Amino acid sequence: MTPVESGQIAVELEKMRGAVDTGLARVDGKLGVLVERGQHTEQRLSAAEAAAATLATRVTALERRMWTASGIAAALGAGGGILAAVLGA
């Protein structure tokens, strides 16, 4: 191999090294963006889970009130029916 050829090879290798370094820097930047997006998504998911838990608690409380109110209504209806029967007799 002549000195000119070895010099050309060295130049080409240096160009390739620069291209690889540039590509790696680009990939590293994109990975940083992806990590940031993942963290943001994780925060949003945590907030949504907390909101869902709050809503589940509220629904449970409403269900308890509904069953209590319907039980009271049934008892009052039965009492009214008995009272009507007694007064009507």
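Residue numbers run from 1 in the order of the sequence given. None of the values given here were measured: they were computed from a predicted structure.
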Output side-chain donor-acceptor pairs under 3.5 Å for residues 28-47, partner residues at least two apart or in another chain, one line each.
| residue | atom | partner | partner atom | Å |
| --- | --- | --- | --- | --- |
| Thr41 | OG1 | Arg37 | O | 2.9 |
| Ser46 | OG | Glu42 | O | 3.1 |

Could you pull out every donor-acceptor pair under 3.5 Å between side chains of residues 60-84 and any protein atom, sequence neighbours left out?
| residue | atom | partner | partner atom | Å |
| --- | --- | --- | --- | --- |
| Thr60 | OG1 | Ala56 | O | 2.9 |
| Thr68 | OG1 | Arg64 | O | 2.8 |
| Ser70 | OG | Met66 | O | 3.2 |
| Ser70 | OG | Trp67 | O | 3.0 |

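Through direct or relayed side-chain contacts under 4.5 Å between Ile, Leu, Val, Met, Phe, Trp and Tyr, Val20 connects to Leu24. Taking Ile, Leu, Val, Met, Phe, Trp and Tyr as members and joining any whose side-chain heavy atoms lie under 4.5 Å apart, directly or through other members, Val11 forms no hydrophobic cluster with any other residue.
Residue pairs meeting the salt bridge (charged side-chain N to carboxylate O under 4.0 Å, His left out) criterion with at least one partner in residues 11-26, sequence neighbours excluded, are Glu12-Lys15.
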